[in-house]
Amino acid sequence: METGKSAEEEGSNHSIHLQVVELRRLSEIYGSSSATIFEPQGSGVGGVEKRDSSTANSVSPTVMNPAAAAPEKKLTLFALRLAVLEKAATSLGTLGFIWATVVLLGGFAIILDKTDFWLITVILLIEGARIFSRSHELEWQHQATWSISDAGVNSFRALRSSSHFLAGIVRTIFRPIQKQSRRQNRGTESNPQSSSSASWHQRRKSISRTWTSSDVPILPYGKWVFLSKNVSKVFYWLQLASATACVTLSLMKLIQHNYGEVSKTDTDKRNRKAALTIFYSLALAEALLFLLEKAYWEWKVIYCKILEQVNQECELGPSGMVSIKRFFYDAYSRSVNGSIFDGLKMDVVSFAMELLSSTSPDEQLIGARVLRQFSISERFSDDTLQKVGVNISVIERLVEMLNWKDLQEEEIRRSAAEVLSKLAGKKQNSLRVAGIPGAMESISSLLRTNREANRPAADEVGEKKIVCDHFGYGFWTFNHLGLLILKKLARDHDNCGKIGNTRGLLPKIIDFTHAGEKLLKDENAALSQILTVKRSLQVMKMLASTTGATGKQLRKEISEVVFTISNIRDILRHGGKHPMLQKLSIEILTSLAQEEEATERIGGTGGILKELFNIFFERDGPGSIQSHVRIAAGEALAMLALESRSNCHRILKLKVLSELVAALEVPVLRVNAGRILRNLCIYSGGDSFDQLKDVTACAPTVLKAITSEDKKLQEVMVGLAAEAFKFMTPQESALMFQRAGMTNVQLATIIVTTLRKYEDPPTKVPRIRRFCIELAIWMMRENRRNAEVFRELGFEKDLECVLETTSELESFNIFSGTVGMSRHSVSIHSLVETAMELLVAR
């Protein structure tokens, strides 16, 4: 049991390692992404499609990977050649049987020599026995392979032992080859996967209520001899003995050529010699063909190791020998029982899909193992997933297997989950998976939450406890796979809605985002626990960034779970060693802040705003936080301050205004610092005028940044200037222009030039024209002489051009995909009319 458990842990760790590599790739993409919520984005779930473009491209019909050669073709060709020899031998045997019964025993029975009569009778009897045993040998061989308890170290050992004597002579000749094969076998036996397989079957046998076909005792006595898996050996030796006897007897008679004397007058015996020669020749040819088939079989299987070779090329591991063995027997049976070309139509993937639908647990395990290995194989995954993806019944079977929670069926369940995780990576297949009734509930069953199952009282919440793997069952592995499947399914908008509508699934996902201080600060923390938190945050990020009415409902449901914000706060507070976790958590907050109720919940949760500012200002020390995490924190703070008077007051209470003004000088922070300051100026209310008076200290910095070539920075600084300058008196503004080394005319020229530069609303800076008009209005109200300056610059024509080209793009503060949210309280038409009135006023 311990060996099996360690093998399972090693296998799960290998799976985790692969996913960590994927997550590192995603972290690089997250860090390089420049799209924000403050500008419209392309279609997709919060930019996820862009980030996962490599996966999306893999399903493009125009991108064709070179097809990998199928290793099982060697087996189907081998089966074809064996079938040709078998059918040729059978045809000669049938012809000889007809010749003997019709010509010899029918025409010459009375006049046959006594020796010939009994030889013909014996040959017919032994050939009949051989044909009978041959017709049933494959059936017994199939029965012997229904149980996979001999997988790994015992793979194909039964076949070897059945021909041990015949191979002994050849082994002495090729002893070096045999020594090499023994070394290979020892390496195979030491593989932990075979130990895991043996452990799995030990559990099955200990509680089995039915017979395993290969262990059925046919008779009550001599059980070992009459076990069904040994009966095929009896048939095998019976065939060899009968064929050898037939060769011996036929060859003896053909050599001696003594068929009795025939007188010239005895016309009835004239053709007897020729008839006997033909019969013995047919019997000899048939027996030699059969022995040739057996020799070819032994050579390919034992010395060429064709089964081991194909198994290695298929990357199935030691336990895969049983799968290859079953596949070969099936191909051979079809070629023998039907057309010789029937076996050529078989392939391992279709064979595995057929076994998956079987009622036999052993066959289900064989099918699941093959599909899992082929799905994760770099060579075979594309072809395998394509075949599985178009077969709805197989997908339904895989989804059904996710609900199998019996300890005996753990490997089947895990394999099905891994295949589905790969299948969900293709967009079209993910839609098929999610479209199966009950699919989301089945995926949810993979997630084992550790909150108490007993229903608590109405005034309390179930306690959260840590659940570890026990009794050899890998709960963490299923948690990882369940979250991975959900992450891939969540790339599609419709699937996000299905995830949200699945009862109890969202609270499970949120439970996995919990990470305490001990876990986050521990440098030796278990990789599986960190990976679980990361995957759950990724799923939540995708759900929270969903667009449309579905996204609005999801954000509402996520924010209503009482652990959502507090779990994120713990990551922000203690997750300095895990910047990816912090960035994902901050992006979730940014997406949730699109909803007014969620914004208030976030701001009202103690410590959230403070921790975001700690990250934004890098208060733990220079270089302690990655720049992309600081940028994300700034976007979240800007969103939380947007249209939220209570959050603006909370920010002012933190006394961070001077730090925000100083951040305008920091290239990484200045864009989001400008957004936060603008929102504070707009939404704090008149009672915060005195606190915001210090924001005027940013004026020189803002004026310099307005001339920047950076479009986004220019937009933010123009918008900040339009609001921050309102807190200055005319004398202070004059002093500000003088300190910045800029005149009113120069600023007015910049405004007009910017409007002319953006004749149509730009998607990257959708608010820049609005902000320019707002700043021009402030200038004309602050000093009436500025109106004359704008008239001389032709500002009126520029305003008319804005009226003719304005669009809905300029009417919103933020965007959810291509959908505008948080509409400006004053339309751009009203701003233009106000500017026109100030221009013509004398």
Side-chain angles (χ1 to χ4, degrees), residues 652 656-667 669-682 684 686 688-757 765 767-796 798-799 831 834-835 837-839 841-842:
L652 292 175
V656 294
L657 202 60
S658 59
E659 291 181 276
L660 285 171
V661 173
L664 294 174
E665 300 281 355
V666 182
L669 306 180
R670 55 189 179 182
V671 170
N672 287 312
R675 287 170 176 160
I676 297 169
L677 287 171
R678 172 180 165 83
N679 290 339
L680 290 175
C681 294
I682 297 175
S684 294
S688 302
F689 184 86
D690 293 335
Q691 291 176 281
L692 290 169
K693 186 70 176 174
D694 295 337
V695 79
T696 57
C698 71
T701 303
V702 171
L703 286 177
K704 291 178 183 178
I706 286 176
T707 62
S708 172
E709 295 296 327
D710 187 338
K711 297 178 182 179
K712 191 173 292 186
L713 176 62
Q714 185 184 33
E715 178 196 44
V716 171
M717 292 306 176
V718 171
L720 175 59
E723 298 299 331
F725 291 178
K726 294 178 182 179
F727 292 87
M728 294 188 294
T729 63
Q731 294 78 15
E732 290 174 335
S733 65
L735 184 62
M736 177 266 297
F737 279 109
Q738 182 181 356
R739 189 182 304 168
M742 183 181 292
T743 64
N744 292 352
V745 176
Q746 289 175 322
L747 181 58
T749 303
I750 292 173
I751 293 173
V752 173
T753 303
T754 303
L755 281 178
R756 291 172 182 172
K757 180 180 179 181
V765 283
R767 293 165 294 275
I768 193 166
R769 301 202 303 179
R770 166 185 288 275
F771 292 164
C772 285
I773 297 172
E774 289 178 351
L775 183 56
I777 291 173
W778 171 81
M779 291 181 65
M780 289 187 286
R781 284 176 174 171
E782 187 268 343
N783 191 334
R784 294 301 310 151
R785 287 178 293 180
N786 290 333
E788 184 65 29
V789 173
F790 278 109
R791 280 197 297 271
E792 292 176 358
L793 292 172
F795 188 50
E796 185 175 357
D798 296 321
L799 292 176
L831 290 175
T834 302
E837 292 173 0
L838 292 172
L839 274 175
R842 298 292 180 180

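Quick note: numbers below take in every heavy atom, side chains included, and nothing from hydrogens, waters or symmetry partners.
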**Request:** Any chance you could lay out the side-chain contact (heavy atoms from CB on, under 4.5 Å) test for Asn744 and Val789, step after step, and finish with the verdict?
**Result:** CA-CA 8 Å; Asn744 292 352; Val789 173; 5.9 Å; no
Practice item. Give the intermediate values and the outcome of side-chain contact (heavy atoms from CB on, under 4.5 Å) for residues Gln714 and Thr754. Key: CA-CA 10 Å; Gln714 185 184 33; Thr754 303; 3.5 Å; yes
- Stepwise, does the side-chain contact (heavy atoms from CB on, under 4.5 Å) test hold for Met736 with Leu703? CA-CA 9 Å; Met736 177 266 297; Leu703 286 177; 2.9 Å; yes
Worked verdict on Ile751 versus Leu775 for side-chain contact (heavy atoms from CB on, under 4.5 Å): CA-CA 8 Å; Ile751 293 173; Leu775 183 56; 3.8 Å; yes
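Of all the heavy atoms in Ala673 and Leu660, the pair that sits closest is CB-O, 3.8 Å. For Ala740 against Pro700, the heavy-atom pair with the smallest separation is CB-CA, 4.1 Å. Pairing each heavy atom of Ala705 with each of Met717, the nearest pair is CB-CG, 3.4 Å.
Using a 30° and 60° split on the angle between ring planes, Phe737 and Phe725 fall in the perpendicular class, above 60°.
Glu788 and Arg791 are joined by a salt bridge, as a carboxylate oxygen and a charged side-chain nitrogen come within less than 4.0 angstrom of each other.
Taking the side chain to side chain donor-acceptor pair (under 3.5 Å) definition, one finds that Glu659 meets it with Arg619, sequence neighbours left out. Partners of Arg675 by salt bridge (charged side-chain N to carboxylate O under 4.0 Å, His left out), not counting sequence neighbours: none found.
Within a 6.0 Å sphere centred on CD of Glu732, heavy atoms belonging to other residues, nucleotides or ligands number more than 12. Remark: Arg785 CZ is loosely packed, at most 12 non-hydrogen atoms of other residues, nucleotides or ligands lying under 6.0 Å away.
A donor-acceptor pair under 3.5 Å links the side-chain atoms of Asn786 to the main chain of Met779, judged by distance alone. The backbone N or O of Gln746 sits less than 3.5 Å from a side-chain atom of Thr743, completing a donor-acceptor pair. Under the 3.5 Å distance criterion, the side-chain polar atoms of Glu715 are matched with a main-chain donor or acceptor of Arg767. Under a 3.5 Å cut-off, the side chain of Arg784 and the backbone N or O of Leu838 do form a donor-acceptor pair.
In this structure the side chain of Met728 never reaches within 4.5 angstrom of the side chain of Glu782, judged on heavy atoms. With a 4.5 Å cut-off on side-chain heavy atoms, Leu713 and Arg670 count as touching. Under the 4.5 Å side-chain criterion, counting only non-hydrogen atoms from C-beta, Trp778 is not in contact with Arg781. Lys757 has its side chain out of reach of Ile768: every pair of non-hydrogen atoms, C-beta onward, lies at least 4.5 Å apart.
Evaluation of the side-chain hydrogen bond (donor to acceptor under 3.5 Å, both in side chains) test over residues 700-710, restricted to residues two or more places apart or in two chains, returns Glu665-Thr701.
Only one option out of Val695, Val656, Leu657 pairs with Leu680 in a side-chain contact (heavy atoms from CB on, under 4.5 Å); it is Leu657. In summary, of the residues considered (Asp798, Leu839, Leu799, Thr749), a side-chain contact (heavy atoms from CB on, under 4.5 Å) with Phe790 occurs for Leu839 alone.
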